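Notes follow once the structure below has been shown.
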There are 2 protein chains.
Amino acid sequence: MEDSAAPKRSVTVADVAKAAKVSKATAARVLGGYGVVSDKIRDQVVAAAAALEYRPNELARSMSTGRSGIIGVVVGDIQNAFFSLAVRGISDMARLAGFTVIIANSGEQLDAEISAVDLLIGKRVDGLIVTPAHCDRIDHLRQVRRAGVPLVLFDRNIPELEVDAVTGDDREAAIAATRCMVEQGHRRLAYVSAMEAEGGKLADIGRISNSAVRERVEGFVQVLTEAGLPNPVHYVRLGATDQPQTDDVVKRLLSDSAPPTALLASDSLVGLRVFKSLQSLGLSIPKDISMISFLDADWTSVTVPPITIVDQRVYEMGKLAGERLIARIEQIPLTAERLQINTTLVMRGSVARVGP
Amino acid sequence: MEDSAAPKRSVTVADVAKAAKVSKATAARVLGGYGVVSDKIRDQVVAAAAALEYRPNELARSMSTGRSGIIGVVVGDIQNAFFSLAVRGISDMARLAGFTVIIANSGEQLDAEISAVDLLIGKRVDGLIVTPAHCDRIDHLRQVRRAGVPLVLFDRNIPELEVDAVTGDDREAAIAATRCMVEQGHRRLAYVSAMEAEGGKLADIGRISNSAVRERVEGFVQVLTEAGLPNPVHYVRLGATDQPQTDDVVKRLLSDSAPPTALLASDSLVGLRVFKSLQSLGLSIPKDISMISFLDADWTSVTVPPITIVDQRVYEMGKLAGERLIARIEQIPLTAERLQINTTLVMRGSVARVGP
DNA sequence: CTGAAAGCGCTTACAG
DNA sequence: CTGAAAGCGCTTACAG
């Protein structure tokens with residue numbers, strides 16, 4: 001029986017050295033690929049290593065070199081297509097540069113985010129990419145910097161932190177989407193987000209702690225204001241966190257004395273839930289109500305009608321974040337910057353013309 | 001300026017010991033949470049650690065203890081909802097038991113799978129969960145076992161390996177789905193998978209190297225055979241790897257002299273592509289053609305009609321795989337087993353009654 | 001209850 | 001070109 005379930009002492013440089021009849025230092029040189037060794041001896045060592053199935057212990061290597069070769073990534077929820085695409089971009093970039101990625105979910109909860117950052121720092125990641133749940137709760141991120149660990153913010157920006165951030169052009173995206181609806185004659189427009197909030201009501205736009213959502217809402221409100229529409233925040237709703245909550249949000253929106261005729265969904269999960277809510281209420285899109293969703297998610301192109309979306313190019317965002325972090329890890333001198341990936345509005349069939 | 005971008009020597013037990021005016025051993029005891037220390041000294045050390053923002057170096061800890069606290073997971077493609085749900089199940093289970101997860105994608109390519117396994121073993125993961133791309137190429141998996149690293153197979157089984165495997169009840173699932181179509185009067189049924197194959201044609205069912213796909217095809221064929229239908233493999237197609245390929249597969253299927261009237265998609269990505277192909281050909285489901293897809297993916301419930309699916313309960317599969325691996329890591333004595341999670345067919349609107 | 005030493009498996013200077 | 005020693009930051013026996 002050659003296989004074994006019992007944990008085993010693994011093969012080390014010392015074992016290989018002994019088998020190859022050379023010193024540990026020499027074996028280490030060829031196995032680690034550093035220093036100079038004669039061809040003859042190299043062959044001996046390589047042969048011995050192969051025979052013993054030697055595999056370098058990266059943990060030990062990290063201990064000596066001080067680099068773990070690991071990039072830590074903290075996202076809201078990897079199940080969300082936005083984040084899984086982003087992570088794919090980061091991972092592809094990382095792999096190219098020889099890094100491995102560890103992903104942690106925060107569920108957009110501050111305490112989980114803090115634990116995740118702690119865990120990752122403990123593992124001595126070479127750098128960190130974080131989607132901060134709240135841009136006004138940043139002690140743990142300051143600590144990351146103090147620990148000397150390169151940090152790149154993803155999707156959300158925190159100017160006070162003086163750190164790189166890769167985001168979308170959220171304000172412009174919201175402006176384009178809202179304008180598209182206004183131009184089609186809509187006068188009562190709703191904005192729906194999954195962000196948690198007391199009562200699902202908007203207290204003060206300036207205090208929305210997720211900068212991406214804040215900027216989108218600002219863009220949304222700006223267009224409505226410019227169009228001379230009254231009370232632009234009247235239909236802004238947070239808290240569409242799951243299907244029942246979303247059903248509730250949509251139902252209340254539609255039972256308004258003057259219900260909205262168009263709706264902007266802050267992400268594709270919210271969009272999907274809103275779509276299902278409308279469907280279950282027997283409303284037809286875009287005849288009864290128009291909608292636009294962020295993100296070119298799978299489902300948006302197979303519905304009837306297909307959904308007009310804001311294409312966020314998240315994969316590129318991920319790649320850029322990875323690239324930037326790696327540059328930081330490699331100590332390339334750069335000033336802290338907000339890098340924006342611009343979006344485009346993809347017109348499909350979910351916005352109807354209304355009014356006179 | 002308290003922040004810093006420059007890499008820094010991090011705070012160690014020695015630093016804390018000095019600050020607390022105790023020996024390294026004592027500081028290590030309280031910081032590591034082992035051994036016995038008087039309350040007074042413990043307080044001193046804790047205070048010093050807090051002041052210095054000490055964080056244990058898990059790498060060093062792993063070196064000493066021989067456990068990394070990391071579980072490695074190799075999947076086909078984390079973008080695929082099947083795998084991302086599974087990974088979520090594994091991660092939830094892992095976190096509960098205090099493990100971190102590193103995910104690697106193989107893209108269903110053997111060489112990438114081998115590199116991923118190598119990388120993970122190098123990082124000294126405490127255990128490995130692998131979705132083997134080919135159940136007949138297992139040298140690298142034997143090596144994993146020889147290295148003494150616990151291994152659990154996911155979604156696919158390799159009996160020769162004598163190792164745990166968590167799978168669905170693929171044969172039964174295919175039987176149920178196929179039977180559902182046959183009972184509705186369908187006589188020409190197609191099976192479409194993304195598995196790569198020369199020419200997209202099926203050579204020999206027994207030699208399909210992905211055991212899940214093989215068992216599904218076997219179940220599919222079994223039902224057709226029992227129903228007395230001629231040439232049951234005639235409409236079995238592989239190679240629906242992307243949209244153009246799938247368009248091609250579907251187009252060729254439909255240009256058969258006797259085209260199929262119903263179609264079973266091997267996973268939700270294939271299902272989505274097939275749906276789009278049919279849509280672009282102007283075919284209406286289920287009037288012109290019926291379909292069933294594996295996996296309860298997002299998109300399947302918002303199409304018109306909603307798609308009948310095989311609910312695979314992947315999250316449970318992931319949790320079970322994680323649980324089993326952790327039991328192995330903790331050396332609980334168990335015999336190698338295939339653990340099956342059973343599926344259910346969820347009837348929606350994509351299968352029509354045909355014939356007399 | 002506290003301390004000094006050895007060791008985990010590598011890499012990094014320093015000698016020869 | 002090869003070797004012997006020290007060190008990375010912990011934990012694990014072993015003494016006192």
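Every value quoted in this text rests on a predicted model; they were computed, and no experiment measured them. Chain naming here is simple, since letters A, B, ... match the order of the sequence lines and numbering starts at 1 in each.
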note = Taken to the nearest whole Å, CD/E58(A) to C1'/dT11(C) is 12 Å

remark   = Residue pairs passing the salt bridge (Lys or Arg N to Asp or Glu O under 4.0 Å) test with at least one member in residues 72-84 of chain A, sequence neighbours excluded, are D77(A)-R88(B)

message = Regarding E337(B) and R324(B), does a basic nitrogen lie under 4.0 Å from an acidic carboxylate oxygen?
response = yes

task = Sort and list the pairs that fulfil side chain to side chain donor-acceptor pair (under 3.5 Å) and have at least one residue in residues 50-61 of chain A, not counting sequence neighbours.
result = E53(A)-R146(B), R55(A)-D118(B), E58(A)-R61(A)

By side chain to side chain donor-acceptor pair (under 3.5 Å) - contacts of Q79(B) (at least two apart) = none

query = Does a nitrogen or oxygen in the side chain of Y54(B) sit under 4.0 Å from OP1 or OP2 of dC10(D)?
reply = yes

remark   = To the nearest angstrom, the CD-C1' distance between Q44(B) and dT2(C) comes to 12 Å

First encountered from the 5' end of DNA chain C, between R124(B) and S38(B) = S38(B)

task = Would you give the length of the straight line joining atom CG of L110(B) to atom CG of D139(B), rounded to the nearest 0.5 angstrom?
result = 9.0 Å

key: Rounded distance (Å) that lies between atom C1' of dG9(D) and atom CZ of R61(A)   = 19 Å

task = Give every residue pair that meets the side chain to side chain donor-acceptor pair (under 3.5 Å) criterion with at least one member in residues 14-32 of chain B, sequence neighbours excluded.
result = R9(B)-D15(B), T12(B)-D15(B), S23(B)-T26(B)

request  = May I ask you to say what L59(A) touches in the nucleic acid, namely base, sugar-phosphate or nothing, with a heavy-atom cut-off under 4.0 Å?
outcome  = nothing

request  = Round to the nearest Å and state the distance from D39(B) atom CG to dC1(C) atom P.
outcome  = 9 Å

message = Taking any heavy-atom pair under 4.0 Å as a contact, classify V36(A): base, sugar-phosphate, or nothing.
response = base

ask   = Tell me, which pairs form a side chain to side chain donor-acceptor pair (under 3.5 Å) where one or both residues lie in residues 148-157 of chain B, sequence neighbours left out?
value = E108(B)-R156(B)

Among dT11(C), dT11(D), dT2(C), the one nearest A28(A) by side-chain distance = dT11(C)

inquiry  = At less than 4.0 Å, is any side-chain N or O atom of Y34(B) found next to OP1 or OP2 of dT12(D)? Yes or no.
reply    = no

key: Residue pairs fulfilling side chain to side chain donor-acceptor pair (under 3.5 Å) with at least one residue in residues 31-51 of chain B, sequence neighbours excluded   = none

Contiguous Watson-Crick or G-U pair runs (3 or more, under 3.5 Å) in DNA chain D = C:1-3 with D:14-16, C:5-12 with D:5-12, C:14-16 with D:1-3

ask   = So what does I41(B) touch, heavy atoms closer than 4.0 Å: a base, only the sugar-phosphate, or nothing?
value = sugar-phosphate

task = Only pairs at least two apart or in different chains count here, so list each salt bridge (Lys or Arg N to Asp or Glu O under 4.0 Å) that has a residue in residues 127-138 of chain B.
result = none

Tabulated below should be each protein N or O lying under 3.5 Å from an N or O of nucleotides 4-8 of chain C; please produce it.
unit_1	atom_1	unit_2	atom_2	d
dG7(C)	N2	S64(B)	OG	3.3

